[in-house]
Engineer: 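I'd like to ask some things about the structure below.
The shown structure was predicted, so the numbers you read here are calculated from the model rather than taken from an experiment. By convention in this document, chain letters (A, B, ...) are assigned in the order of the sequence lines, proteins followed by strands, and residues within each chain are numbered from 1.
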2 protein chains.
Amino acid sequence: MKTNKKYKSDALAALHESMEGLHRSGVITKKTMREFDRSCLEDVPDLTPEEIKALREREYVSQPIFALYLNVSKNLVSDWERGVKKPGGPALRLLNIIKKQGLDAILSG
Amino acid sequence: MKTNKKYKSDALAALHESMEGLHRSGVITKKTMREFDRSCLEDVPDLTPEEIKALREREYVSQPIFALYLNVSKNLVSDWERGVKKPGGPALRLLNIIKKQGLDAILSG
DNA sequence: TTGAAATATCACACTTTGTGTGATATTTTT
DNA sequence: AAAAATATCACACAAAGTGTGATATTTCAA
């Protein structure tokens, strides 16, 4: 099913919103809220150069356009795909968002 | 209305998907696709230290948790909010996604 | 109210991501 | 065949981002 594919993340997003509501209503403590987030957000998996290139091609965009989405220079995308440089913290998070939710998740203009 | 608030970005996302479909069917050229993306993605607005802090507090999370979402160190978030350092390309993109779509847009575990 | 735990501010040395320019090669379009 | 878009490659450089560790402040539970 198509809906099942995104079920897990949708459920988590809904849960997080519920937690916020509970916290604002004073039903749960900040600490509980914190620990909930921590358990949800842990690891941001690394991506190999090949995976990055495959990800970009899956979305049918060129390196310059991919760079535009990520707000980095086009040369950096090239470097990632050839293994010359590795995406840092925020870039890795973006790439994983794209991997799981698609490029459209970034379309917010 | 609640739906109107997100209308613009939702419409863009839907449009982008349609464009992809049209391109795969050979109806439109790659060039048209490229120019479409370029026009959608242009500027990623800067955020002042105050805006970053306000954004984080709007989402009811601490600096360490916010850092977890962005996949950066907690000290860096502190530096951003005090104006000691400024978020770079990918981090800025993430912050703007959070600003427009909320922290949940990043929840993908 | 006392004390522990979570947060936030600050310093500092260090790494390397990310930028910018410019050149060349390859591919894609017209 | 020419033109335009892409992709690979080489540098020098700025500054983003890391990690440790210390201190102050706030928050919360006992």
Engineer: Grab the N/O contacts between the protein and nucleotides 10-14 of chain C below 3.5 Å, and write none if there aren't any.
Structural biologist:
| residue | atom | partner | partner atom | Å |
| --- | --- | --- | --- | --- |
| dC10(C) | OP2 | Arg82(B) | NH1 | 3.4 |
| dC10(C) | N4 | Asn75(B) | OD1 | 3.3 |

Engineer: Consider the side chain of Glu81(A), meaning its heavy atoms from C-beta on, and name the nucleotide among dG18(C), dA8(C), dT8(D) that approaches it most closely.
Structural biologist: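 Nearest to the side chain of Glu81(A) among the choices is dT8(D).
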
Engineer: Nearest whole angstrom, please: distance from the P of dT17(C) to the CG of Leu94(A).
Structural biologist: 16 Å

Engineer: Respond yes when some side-chain nitrogen or oxygen of Arg93(A) is under 4.0 Å from OP1 or OP2 of dG17(D), and no when none is.
Structural biologist: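 No.
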
Engineer: Flag the pair Leu70(A) / Pro90(B) as yes when at least one side-chain heavy-atom distance between them is below 4.5 Å, and no otherwise.
Structural biologist: no

Engineer: Test: salt bridge (charged side-chain N to carboxylate O under 4.0 Å, His left out). Region: residues 68-77 of chain A. Which pairs qualify, not counting sequence neighbours?
Structural biologist: none

Engineer: Whole Å only: how far is the CG atom of Leu76(A) from the P atom of dG17(D)?
Structural biologist: 12 Å

Engineer: Taking atom P of dA16(D) as reference, at what distance in whole Å does atom CG of Asn71(B) sit?
Structural biologist: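 Asn71(B) atom CG is separated from dA16(D) atom P by 18 Å.
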
Engineer: Taking side chain as C-beta onward, heavy atoms only, is Arg58(B) less than 4.5 Å from Leu55(B)?
Structural biologist: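 They are in contact (side-chain heavy atoms under 4.5 Å apart), so the answer is yes.
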
Engineer: With a 4.0 Å cut-off on heavy atoms, is Gly88(B) in touch with a base, just the backbone sugar-phosphate, or nothing at all?
Structural biologist: sugar-phosphate

Engineer: Quick one: does any side-chain atom of Glu59(A) pair with a main-chain N or O of Phe66(A) as donor and acceptor, under 3.5 Å?
Structural biologist: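 Between the backbone of Phe66(A) and the side chain of Glu59(A) there is no qualifying donor-acceptor contact (under 3.5 Å).
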
Engineer: For Gly89(B) and Gln63(B), find the nucleotide of DNA chain C closest to each by heavy atoms; which residue's nucleotide sits nearer the 5' end?
Structural biologist: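 In this pair, the answer is Gln63(B).
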
Engineer: Which residues pass the side-chain hydrogen bond (donor to acceptor under 3.5 Å, both in side chains) test with Asp79(A), not counting sequence neighbours?
Structural biologist: Arg82(A)

Engineer: State whether Trp80(B) places a side-chain N or O below 4.0 Å from either non-bridging phosphate oxygen (OP1 or OP2) of dA16(D).
Structural biologist: no

Engineer: To the nearest Å, how far apart are Ile65(B) CD1 and dT27(D) P?
Structural biologist: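 To the nearest whole Å, that distance equals 17 Å.
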
Engineer: From dG18(C), dT8(D), dT18(D), pick the nucleotide closest to the side chain of Val72(B)?
Structural biologist: dT18(D)

Engineer: With sequence neighbours left out, what residues match Glu81(B) under side-chain hydrogen bond (donor to acceptor under 3.5 Å, both in side chains)?
Structural biologist: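 Once residues adjacent in sequence are excluded, the partners of Glu81(B) under the side-chain hydrogen bond (donor to acceptor under 3.5 Å, both in side chains) criterion are Arg56(B), Gln63(B).
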
Engineer: Between atom CD1 in Ile52(A) and atom P in dA7(D), what is the gap in whole Å?
Structural biologist: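 Result: 15 Å.
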
Engineer: Excluding sequence neighbours, so at least two apart, what forms side-chain contact (heavy atoms from CB on, under 4.5 Å) with Glu51(A)?
Structural biologist: Leu47(A), Thr48(A), Lys99(A)

Engineer: Between Lys86(A) (NZ) and dA16(D) (C1'), how many Å, whole number?
Structural biologist: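 Value for this atom pair: 17 Å.
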
Engineer: Atom CZ of Phe66(A) and atom C1' of dT8(D): how far apart are they, to the nearest Å?
Structural biologist: 18 Å

